[in-house]
Amino acid sequence: RLLAVPGVGAVKRMGGVNREIRVELDSARMAALQVSAIDVSRRLRLVQQETPGGRGDVSGAEQSVRTIATVKTADELALLEIALADGRRIRLGDVAQVRDTVAEPRALAMLNGVEVVGFEIFRTKGASDITVASGVRLAVAELQARFPQISLTQAIDNAEPVAQNFRGSMELLYEGALLAVLVVWWFLRDWRATLVAAAALPLSVIPTFLGLQYFGYTLNTVTLLSLALVVGVLVDDAIVEIENIARHLRMGKTPYQASMEAADEIGMAVIATTFALVAVFLPTAFMGGVPGLFFKQFGWTAVLAILASLMVARLLTPMMAAYLLKPHVQPNSADGTAAPLGEPPDGWLMARYMDTMRWCLKHRGLTMLGSGLFFVGSIALVPLLPTGFVPAADRGQTQIKLELPPGSTLAETRAVAEQARLAALALTEVKSVFSSIGGGSSGDAFAPGAAPEARSAVLTLSTSHRDERSITMAGIEAQLRRQLSDIAGARFTVGPPDTGVKMQLVLQSEDSVALLATAQGVERELRGIRGVGNVQSSASLVRPEIIVRPDPARAADLGVT
């Protein structure tokens with residue numbers, strides 16, 4: 001049912017059991033009948049199978065032939081006769097007990113300490129996270145109504161952080177647009193002029209979506225951030241046009257005449273301003289490497305929006321101003337005719353600004369010196385800032401990966417995972433824990449479909465929303481590392497899978513013993529460096545094994561291969 005949801009590429013089960021037909025051989029009966037286990041296994045493999053058998057000509061027509069030599073139940077398998085090499089025939093039930101049961105569990109899933117069966121849904125490439133998540137929730141709701149005896153609960157939601165980013169970006173876009181309109185109104189004090197300038201915002205943003213569609217981009221954090229950044233720039237050209245039109249209106253001109261003359265007068269300046277912005281943002285669209293994957297969409301989105309704002313300012317803004325604005329005239333008290341309104345008196349803010357500007361023009365040396373010192377001081381602060389690729393994300397989720405020594409059983413891994421879960425729940429910010437023991441979890445390092453290892457586990461922790469807690473996710477992870485340091489016998493890694501490796505050291509040597517000792521020493525020293533966390537060595541742990549060395553001479557004497 002989940003695979004039928006559009007956009008779902010794969011569904012992986014975690015936990016639960018697999019059906020298995022178990023054949024338990026009776027060694028005493030096998031010895032009495034002189035039957036070996038390899039004889040039974042080989043004959044079962046030859047008898048219990050379904051294979052294609054070529055083709056046959058039947059009544060002048062070709063038909064495919066398929067040989068079916070399978071049984072349907074475990075009882076039928078027990079009655080299966082096995083031909084031995086010496087010509088004797090025995091039934092499988094004579095030397096073995098055949099049971100229809102379940103395989104030995106190699107992985108299990110737990111939600112808050114209760115064993116569950118988990119299903120992990122992967123979307124196809126290019127599908128929308130939000131759309132796929134909505135379709136999956138609808139399918140799960142239908143399954144819940146159809147099977148009320150089973151409780152279906154969503155344990156991990158990786159689509160909600162995407163939705164939160166989208167909502168946050170859109171709110172930022174709306175806030176920026178609203179503040180830009182308010183600033184325009186504050187300076188122009190004319191609702192008609194403000195309306196004309198504000199119309200440039202949607203008329204510049206909406207055509208940008210056409211360009212995003214053409215380039216194959218999506219509405220993501222990068223493209224929405226770019227729109228939120230340039231939303232104030234989009235009204236610049238329109239404001240310049242409107243302000244110059246308003247100046248011509250105060251000269252007594254009609255709105256149409258003022259719009260035509262003001263647009264011609266300021267046209268080249270508007271085009272120069274726009275292409276100066278394009279020259280700033282366009283190079284980011286041609287960045288290489290990993291940063292280029294981010295800034296390519298960022299740069300093109302900004303450039304498309306800025307060019308759209310130029311088209312609006314040069315075409316629509318003068319046209320709207322010609323028909324929406326009113327002439328700025330006042331009646332002449334002497335003869336009753338209309339006279340130009342003239343320039344309005346400056347307010348206190350503009351007066352203070354003009355006084356400051358006059359002082360700066362009068363004291364040019366001091367102004368240049370102060371500007372230079374401010375610039376040098378700003379550059380001097382750059383080395384003091386921490387450097388990183390992207391800021392740490394706080395999605396309300398983190399992970400604990402644990403690895404036990406090779407040879408550890410599933411029960412031992414479960415016990416250590418429970419200790420880690422209880423240690424994590426000691427933090428009040430942690431709300432729930434989904435444990436995938438022996439297999440992968442959401443976004444973990446274990447490849448989907450890979451054979452699970454009973455000695456590994458992944459705990460996905462869901463925390464309270466970042467607005468509901470005073471500590472950051474990095475602080476929670478630091479506390480988790482301190483909590484897990486008291487648990488012995490396992491290797492822990494704390495942190496979400498999308499943080500990436502910040503630094504990787506490679507040690508090489510032909511002496512494996514010295515290499516392992518050196519790696520352990522480097523690991524200990526790195527743990528002592530302040531600011532370094534999640535130090536993990538890729539050196540494999542010693543795996544116990546049983547070595548059998550046959551004696552060819554004695555084997556030949558006894559007639560044993």
Side-chain angles (χ1 to χ4, degrees), residues 1-15 109 117-146 152-173 205-228 285 290-302 304-305 389-390 393-399 434 436 439-450 458 460 462 465 496-500:
R1 180 62 186 90
L2 293 178
L3 286 173
V5 176
V8 174
V11 178
K12 175 186 174 184
R13 174 170 63 88
M14 295 175 288
V117 178
F119 294 93
E120 188 174 16
I121 296 98
F122 298 89
R123 65 174 177 86
T124 57
K125 185 178 181 180
S128 170
D129 292 286
I130 308 302
T131 305
V132 173
S134 301
V136 168
R137 292 192 189 99
L138 182 60
V140 170
E142 294 175 355
L143 290 172
Q144 181 67 85
R146 184 177 177 184
L152 297 175
T153 305
Q154 182 172 290
I156 304 173
D157 188 358
N158 288 326
E160 180 58 28
V162 178
Q164 290 181 2
N165 287 338
F166 177 77
R167 290 193 296 266
S169 300
M170 293 303 296
E171 290 174 1
L172 185 64
L173 187 62
V205 171
I206 294 176
T208 307
F209 297 146
L210 296 177
L212 297 180
Q213 174 72 18
Y214 176 77
F215 284 109
Y217 298 158
T218 61
L219 286 180
N220 51 54
T221 305
V222 175
T223 54
L224 290 176
L225 175 64
S226 179
L227 288 176
V290 177
L293 300 177
F294 291 85
F295 286 99
K296 185 176 182 179
Q297 298 191 23
F298 178 89
W300 278 117
T301 303
L304 291 173
F389 179 55
V390 292
D394 192 341
R395 304 171 57 182
Q397 284 186 13
T398 188
Q399 285 187 351
F434 179 80
S436 179
S441 182
S442 178
D444 69 330
F446 303 104
V458 178
T460 303
S462 299
H465 194 269
D498 55 356
T499 55

Query raised in the report: Can you list the residues that meet the salt bridge (charged side-chain N to carboxylate O under 4.0 Å, His left out) rule with Arg13, with sequence neighbours excluded?
Result: none

Query - Gln213, CD atom: more than 12 neighbouring heavy atoms under 6.0 Å - result: no

Query - Taking every non-hydrogen atom, the tightest pair across Ala109 and Met14 - result: CB-O, 3.7 Å

Requested in this report: Please name all residues satisfying side chain to side chain donor-acceptor pair (under 3.5 Å) with Thr218, sequence neighbours left out, ordered by chain then number.
Outcome: Asn220

Query raised in the report: Between CG of Leu143 and CZ of Phe119, what distance do you get to the nearest 0.5 Å?
Result: 9.5 Å

Report task. Using the test side chain to side chain donor-acceptor pair (under 3.5 Å), find all partners of Thr398 that sit at least two apart in sequence or belong to another chain. Result -> Glu477

Donor-acceptor pairs are to be reported for all side-chain atoms of residues 161-168 against protein atoms at under 3.5 Å, with residues two or more places apart or in another chain.
unit_1, atom_1, unit_2, atom_2, d
Asn165, ND2, Pro161, O, 3.3
Arg167, NH2, Glu160, OE2, 2.8

Report task. With the side chain counted from C-beta on, respond yes when Leu225 and Thr301 share a heavy-atom pair under 4.5 Å apart, and no when they do not. Result -> no

Query raised in the report: Is there side-chain contact between Phe209 and Leu227, with heavy atoms separated by less than 4.5 Å?
Result: yes

Could you list the donor-acceptor pairs under 3.5 angstrom formed by side chains in residues 121-129, with sequence neighbours left out?
unit_1, atom_1, unit_2, atom_2, d
Arg123, NE, Asp129, OD1, 2.8
Arg123, NH1, Ala127, O, 3.1
Thr124, OG1, Gly7, O, 3.3
Ser128, OG, Ile130, N, 3.4
Ser128, OG, Thr131, N, 3.4
Ser128, OG, Thr131, OG1, 3.3

Report task. I would like to know whether Trp300 and Tyr217 meet ring pair (Phe, Tyr, Trp, His ring centres under 6.0 Å); could you show each step before the answer? Result -> CA-CA 10 Å; Trp300 278 117; Tyr217 298 158; 8.3 Å; no

Query - Rounded distance [0.5 Å steps], CG in Leu212 versus CD in Gln297 - result: 8.0 Å

**Report entry** Where Gly118 and Phe434 come nearest, the two heavy atoms and their spacing
**Finding:** CA-CZ, 4.5 Å

Report summary line: For Pro6 and Val132, the nearest pair of non-hydrogen atoms, with its separation, is O-CG2, 3.9 Å

Report task. Heavy atoms only: give me the nearest Asp157-Gln397 pair and the separation to one decimal. Result -> O-NE2, 3.2 Å

Query raised in the report: For the side chain of Ser226 and the backbone of Ala302, is there at least one donor-acceptor N/O pair under 3.5 Å apart?
Result: yes

Query - Any residue meeting salt bridge (charged side-chain N to carboxylate O under 4.0 Å, His left out) with Glu142, in chain and number order, not counting sequence neighbours - result: Arg1

Report summary line: Heavy atoms of Thr208 and Ala305 approach each other most closely as OG1-CA, 3.3 Å

Query raised in the report: Can you find a pair of side-chain heavy atoms, one from Asn158 and one from Glu120, that are under 4.5 Å apart?
Result: no

